[in-house]
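So the structure is just underneath, and the comments pick up after that.
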Amino acid sequence: MSGRGRTYPPLEKRLWAKVDKTPGHGPNGDCWVWTGYCVDNGYGQITRSRAQGGRCDYVHRVAFEIHYGVDLGRARKSGPLVLHHCDNRPCANPRHLFLGDDTANMQDMLSKGRKVSADQQGSANNQARLTEPEVRAIRADTRALQEIADDYAIAVSTACSIRTRKRWPHLR
Ligand SMILES: [Zn+2]
C-alpha cells in the first residue's frame, strides 16, 4: 500500500506497469502480456479509478480505450466488444485489438499485412497503415494535428486528410 487514503496512480500508469512488452510473446512474438490479475476466462482484469466508477474491467478493453482515446461505455455487455487479432487473451497490445463490430473490415486489414510495431513509430514509415478504430480515434481527437501525427507515426498531412475525410471517407 502506498500513499494514504484512496489515491491511486492513474489508470494508464497502473495498466502499463503490469504489461510485459518484451518480444517473444504470442503467435507473432509481439504480444504485450498482462502480468497482473486474470479472471478465470484468461482475460486480465483491472480496477478503474474512482472517477470512472471504480469498477473492474478487462485489461484489453482499458488498453484499447487508452490507446485509441475512446470511451467504450460503461456496460461491458452492451458496449462494443474488444477482440484480439492474436487470440492471446492476456495480450494488451492495442495493435492486436479491434472492435467486434468491425470484424470483417479488420480481418481484411490484417490480411493486407498491416504490421507496425510500436518501436517503428516515428521512423520513415509515414504510410498510413491505420486501423479503423485508429481512424475514428483520430477524427475524435481534439488535439493539434502535429500531436496526433506524432502519436500515430503518420504525417501531419495524413492526419489532416483523415480528419477532413479525404481519406477513409467510407468510415463513419
Ligand atoms: Zn497480442
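For reference, positions follow the sequence shown, starting with 1. First listed ligand is number 1; within each ligand, the first listed atom is number 1.
Salt bridge Glu65/Arg48: present, at least one basic N to carboxylate O contact under 4.0 Å.
Counting only distance, with no hydrogens or angles, the side chain of Tyr68 and the backbone of Pro94 share a donor-acceptor pair below 3.5 Å. Between the side chain of Arg61 and the main chain of Val82, no donor-acceptor pair closer than 3.5 Å is present. Under a 3.5 Å cut-off, the side chain of His60 and the backbone N or O of Cys91 do not form any donor-acceptor pair.
For the residue pair His25/Asp20, the side-chain donor-acceptor check at 3.5 Å is satisfied.
For the Zn ion (ligand 1), the neighbouring protein N/O/S atoms at less than 2.8 Å, given as residue and atom, are Cys31 SG, Cys86 SG, Cys91 SG, His96 ND1.
The side chain to side chain donor-acceptor pair (under 3.5 Å) search around Thr35 returns none, not counting sequence neighbours.
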